[in-house]
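What follows is a set of notes on a single structure, which appears directly below.
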Amino acid sequence: MNRRKFAVSLLALLILALFGLGIWSYQQSVQKAQTQAAEQQADRLVRPHAPAFGPASAPVTIVEFFDPACETCRAFYPIVKDILRQYPQEVRLVIRYAPFHAGSDQVIQMLETARLQDKYQPVLEALLASQPQWADHGQPRIDLAEQQAQRAGLNIEKAKLDAQRADVQAVLKLDVEDLVALQITKTPSFFVNGRALPSFGEAQLRDLVADAVAQARAMPGK
């Protein structure tokens, strides 16, 4: 091989090496961006302030974007409770608020004040049970919602004062920011360990949870 051919071959090898390095660098950048996006999504899905049911150490987390005035949220509440009963040590539920209906923001504040009084679940269940009476989408009857919350044990006068607290209002503000960032447009929207349902439905939710539980049980030491 003469010098010219050798130089051409060497140049070709260098070009191929640089091209390969460029592809590797691009793949690394894409992988890093995907990892960062997944981490940002995880941070936005589960916030420390969010109401949660089930053990904090549970390996499977259901995140539900929830509107107390949503009929489908009401229909899914017993389904989600049944899943928690089925996997009492392995699944927890994290509720994030999505106030898409008129008046939902006020009811969410009521729920948050109920949490301050350790009355969250009874008030939540009372509001869902009475939803057809107060959740008129055009003219919601917040007064009827307050009556049901009061019957469930909420000190309504204290709740009205607590609703003005900065920390109570911050919960709703942050949840709205997160649902916008995550492009949540309907309720309920479910994520199981960060995975959205492949399509909406009870069977799809149960299957995704069962799959996540099976994966957790298959991990070494389980």
Side-chain angles (χ1 to χ4, degrees), residues 34-68 70-98 107-108 110-129 131 149 152-154 167-168 170-172 174-175 178-179 181-182 184 186-222:
Q34 290 174 337
T35 300
Q36 289 176 340
E39 289 174 349
Q40 289 174 355
Q41 173 175 297
D43 289 342
R44 287 191 177 277
L45 283 174
V46 179
R47 295 286 191 181
H49 69 260
F53 300 92
S57 60
V60 178
T61 298
I62 303 171
V63 176
E64 178 183 359
F65 282 85
F66 166 87
D67 184 332
C70 164
E71 294 95 334
T72 311
C73 293
R74 179 176 184 259
F76 263 79
Y77 183 73
I79 295 168
V80 175
K81 281 188 71 176
D82 184 58
I83 292 173
L84 294 177
R85 280 193 297 267
Q86 186 178 357
Y87 307 106
Q89 300 304 317
E90 295 164 302
V91 177
R92 70 168 177 154
L93 169 68
V94 174
I95 291 180
R96 304 299 307 280
Y97 298 121
V107 177
I108 287 167
M110 198 183 308
L111 284 169
E112 283 301 296
T113 60
R115 187 147 61 124
L116 294 173
Q117 298 181 29
D118 292 325
K119 299 290 184 182
Y120 188 87
Q121 189 164 358
V123 169
L124 172 64
E125 294 186 352
L127 289 171
L128 289 176
Q131 185 195 83
L154 184 68
D167 56 341
V168 170
V171 168
L172 183 56
L174 185 54
D175 280 15
D178 285 343
L179 73 88
L182 293 167
I184 305 298
K186 62 182 183 299
T187 54
S189 286
F190 292 102
F191 294 81
V192 179
N193 281 0
R195 294 168 59 192
L197 299 189
S199 58
F200 184 77
E202 177 183 349
Q204 291 87 333
L205 176 60
R206 289 185 182 275
D207 288 347
L208 195 55
V209 172
D211 181 60
V213 170
Q215 290 182 30
R217 289 174 177 174
M219 291 177 64
K222 298 296 183 183

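Worth saying up front: this structure is predicted, and the values here are computed from it rather than measured.
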Side chain to side chain contact (heavy atoms under 4.5 Å, CB included) partner of Pro59, chosen from Arg217, Arg92, Glu90: Glu90

Taking NZ, NE, NH1 and NH2 as the nitrogens, is one of them in Glu112 or Arg115 under 4.0 Å from a carboxylate oxygen of the other? yes

SB check Asp82 Arg206 (cutoff 4.0 Å): yes

Enter the distance from [X]:[atom1] to [Y]:[atom2] here, rounded to the nearest 0.5 Å.
X	Y	atom1	atom2	value
Ile108	Asp175	CD1	CG	7.5 Å
Leu174	Arg47	CG	CZ	4.5 Å
Gln204	Leu197	CD	CG	7.0 Å
Leu111	Leu116	CG	CG	11.5 Å
Phe76	Glu64	CZ	CD	8.5 Å

Can you check whether [X] reaches [Y] side chain to side chain, under 4.5 Å on heavy atoms?
X	Y	answer
Ile95	Tyr120	yes
Arg96	Ser189	no
Leu208	Phe190	no
Asp211	Arg195	yes
Val80	Phe66	no
Phe53	Leu84	yes
Thr187	Thr72	no
Val192	Leu205	yes

Considering non-hydrogen atoms only, spot the tightest contact between [X] and [Y] and give its length.
X	Y	value
Pro68	Gln131	O-NE2, 2.7 Å
Tyr97	Leu179	O-CD2, 3.4 Å
Leu154	Met110	CD2-CG, 3.7 Å

Can you say whether the rings of Phe65 and Phe191 are parallel (under 30°), tilted (30 to 60°) or perpendicular (over 60°)? perpendicular

Side chains of Asp167 and His49: donor-acceptor distance under 3.5 Å anywhere? no

With sequence neighbours left out, the residues meeting side chain to side chain contact (heavy atoms under 4.5 Å, CB included) with Pro55 are Ser57, Ala58, Gln89

